[in-house]
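Written out below as structure tokens is the structure these notes cover.
In the text below, chain A, chain B and the rest are named by the order of the sequence lines, each starting its count at 1.
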2 protein chains.
Amino acid sequence: MPGDLAYDPSDSQALARRLRALHVRVTSQRLLVLEALAAHRGHMTAEEVMRWAAPRFSGLNLATVYRTLELLVSLGLVAQTDLGGEATAFELVGGAPHHHLVCESCGAVIEMDDSLFQSLRSDVQRRYGFDARSRHIALFGVCRDCRSAAAASETDTR
Amino acid sequence: MPGDLAYDPSDSQALARRLRALHVRVTSQRLLVLEALAAHRGHMTAEEVMRWAAPRFSGLNLATVYRTLELLVSLGLVAQTDLGGEATAFELVGGAPHHHLVCESCGAVIEMDDSLFQSLRSDVQRRYGFDARSRHIALFGVCRDCRSAAAASETDTR
DNA sequence: GTGAGTGCAAATGCTTTGCAGACGT
DNA sequence: ACGTCTGCAAAGCATTTGCACTCAC
């Protein structure tokens, strides 16, 4: 229901098969990173993956997490996005393509359907001959909740 | 002709007046950073500002450049954008509002008119109640030149 | 004169890398 | 067995910060 991956991301058997199909070695560290991303559903920093995985595999190293994420990104299994925070965000590829709306006030991250982005993409193509890759994009601004909160407090203080 | 600032950015007298109007102290370091951005016309990293300014003011410090850029951003005189490189890009505010198309192949940065972005902005507003601020945005992809170059070489090698 | 601004150097936080040993194939 | 992957520790890089001194006001 939640996604429509070609494999079940919480099934390590399936993950292993998936990796093998891509001609890379299957290690417990790699499976663990994938499971972390699957469990957390949504974006995670390398540090967060580490915190989730470490209790399940003592000895796991942050450098390995970084190397693994880099590998998974190059394999196309994981998407990498800069959400404006200090650390880079990673998330499992699959489900509907989307981008991110980042609230500068509360930090919330809203998933924006990729369809909204299509017309800008074709405009940019037509006008500049520029082919915008569907790499995840982040727009910064203020979310609905923070806007109404701000409006309310403005009324109060006045 | 090139821009339509309310002041001439290459005239340090005007820059000084501008700063004073905003109630901040006028120092040669601040003027120099502004002049650097004005001279370079377009985006610069802190390091680039430093390289431009250092010969003109020995003793200038990179930390000061960072502090100054941060101040200018908070005053609204300078815009800050993450163009995907390692360092953050800064540019003088003024002229037509725009965003950036960054070619992942050759590194070129094309300025995209803000008008193209308006419909996405209103869609996002309508659909998610999210108010996308006009903070500069970067889209990543492949520029026209690199696309045709790629197409050409593909024909060659085949 | 006074507090904000600056230079200097050290610290920070994320990320990468060199190397020796461990492990998947 | 082979070559890749990992852990460890140290380095790298952009950016920030503490502190004493300086300068714009």
Side-chain angles (χ1 to χ4, degrees), chain A residues 12-13 15-36 43-51 53-75 77-78 80-90, chain B residues 12-13 15-36 43-75 77-78 80-90 138:
Chain A
S12 47
Q13 299 278 323
L15 292 175
R17 245 176 285 123
R18 183 88 170 144
L19 288 178
R20 234 179 303 263
L22 290 163
H23 311 296
V24 296
R25 294 191 178 175
V26 178
T27 67
S28 25
Q29 291 88 336
R30 288 175 180 178
L31 290 176
L32 209 53
V33 169
L34 280 170
E35 284 171 31
H43 47 84
M44 295 176 88
T45 64
E47 198 73 58
E48 286 166 343
V49 169
M50 185 63 187
R51 275 202 294 277
R56 268 153 263 240
F57 186 119
S58 68
L60 179 64
N61 194 278
L62 187 55
T64 303
V65 171
Y66 273 106
R67 279 188 285 229
T68 302
L69 287 169
E70 183 190 9
L71 172 77
L72 296 174
V73 167
S74 75
L75 293 176
L77 295 180
V78 166
Q80 184 174 7
T81 319
D82 176 14
L83 295 181
E86 22 276 1
T88 308
F90 298 86
Chain B
S12 48
Q13 301 277 322
L15 291 175
R17 245 176 284 122
R18 183 86 171 149
L19 287 178
R20 235 180 302 264
L22 290 164
H23 311 297
V24 295
R25 291 190 181 178
V26 178
T27 67
S28 23
Q29 290 89 336
R30 288 176 179 178
L31 291 175
L32 208 54
V33 169
L34 280 169
E35 283 171 31
H43 47 84
M44 295 177 90
T45 64
E47 196 74 55
E48 286 166 343
V49 169
M50 186 63 187
R51 274 203 294 279
W52 187 92
R56 269 153 260 241
F57 187 117
S58 69
L60 179 63
N61 194 278
L62 187 54
T64 303
V65 171
Y66 274 106
R67 280 189 283 231
T68 303
L69 286 170
E70 182 190 8
L71 172 78
L72 296 175
V73 167
S74 75
L75 292 176
L77 294 180
V78 166
Q80 184 174 8
T81 318
D82 176 14
L83 295 182
E86 20 277 2
T88 308
F90 297 87

[X] has an atom [atom1]; how far is it from atom [atom2] of [N], in whole Å?
X: B:Leu60; N: D:dC23; atom1: CG; atom2: C1'; result: 15 Å
X: B:Leu19; N: C:dA4; atom1: CG; atom2: P; result: 17 Å
X: A:His23; N: D:dC5; atom1: NE2; atom2: P; result: 14 Å
X: A:Leu62; N: D:dG7; atom1: CG; atom2: C1'; result: 12 Å
X: A:Asp82; N: C:dC14; atom1: CG; atom2: P; result: 13 Å
X: A:Leu32; N: D:dT6; atom1: CG; atom2: P; result: 11 Å
X: A:Leu71; N: C:dT16; atom1: CG; atom2: C1'; result: 16 Å
X: B:Leu75; N: C:dA4; atom1: CG; atom2: C1'; result: 14 Å

Report yes if at least one side-chain N or O of [X] is closer than 4.0 Å to OP1 or OP2 of [N]; otherwise report no.
X: B:Arg25; N: C:dG3; answer: no
X: A:Gln29; N: C:dC23; answer: no
X: A:Thr88; N: C:dT15; answer: yes
X: A:Tyr66; N: C:dT15; answer: yes
X: B:Thr27; N: C:dT6; answer: yes

Measure the spacing between [atom1] of [X] and [atom2] of [Y] and express it to the nearest 0.5 Å.
X: A:Phe57; Y: A:Leu31; atom1: CZ; atom2: CG; result: 10.0 Å
X: B:Arg20; Y: B:Leu15; atom1: CZ; atom2: CG; result: 11.0 Å
X: B:Thr64; Y: B:Leu32; atom1: OG1; atom2: CG; result: 11.0 Å
X: A:Gln29; Y: A:Leu60; atom1: CD; atom2: CG; result: 6.5 Å
X: A:Arg51; Y: A:Glu48; atom1: CZ; atom2: CD; result: 5.5 Å
X: A:Arg25; Y: A:Leu71; atom1: CZ; atom2: CG; result: 12.5 Å

Starting the side chain at C-beta, find the nucleotide from [options] nearest to [X].
X: A:Thr64; options: D:dG7, D:dT15, C:dG24; answer: D:dG7
X: A:Asn61; options: D:dC8, C:dG7, D:dT6; answer: D:dC8
X: A:Glu47; options: C:dC14, C:dG24, D:dA14; answer: C:dC14
X: B:Ala63; options: C:dC23, D:dT17, D:dC8; answer: D:dT17

Regarding [X], tell me which of base, sugar-phosphate or nothing describes its non-hydrogen contacts under 4.0 Å with the strands shown.
X: B:Val24; answer: nothing
X: A:Arg30; answer: sugar-phosphate
X: A:Thr45; answer: nothing

Is [Y] close to [X] at the side-chain level, that is, under 4.5 Å between some pair of heavy atoms?
X: B:Leu22; Y: B:Leu72; value: no
X: A:His43; Y: A:Thr81; value: no
X: B:Arg18; Y: B:Leu34; value: no

For this session: Starting from the first five and the last five pairs of the helix from C:dG1-D:dC25 to C:dT25-D:dA1, work out the angle between the resulting helix axes, to 10 degrees.
Result: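 The value is 30°.
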
Exercise. On DNA chain C, nearest-nucleotide positions of B:Thr68 versus A:Glu70: which is more 5'?
Worked result: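 With B:Thr68 and A:Glu70 compared, the 5'-side residue is B:Thr68.
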
For this session: Using heavy atoms to find the nearest nucleotide of DNA chain D for B:Glu86 and A:Val65 separately, return the residue whose nucleotide is more 5′.
Result: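 Whichever sits nearer the 5' end wins; that is A:Val65.
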
Exercise. On DNA chain D, nearest-nucleotide positions of B:Ala87 versus B:Val26: which is more 5'?
Worked result: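 So the residue in question is B:Ala87.
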
For this session: Establish whether the base of C:dG7 is bridged to the side chain of B:Arg67 by a donor-acceptor pair shorter than 3.5 Å.
Result: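 By the distance-only test, yes, there is a pair.
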
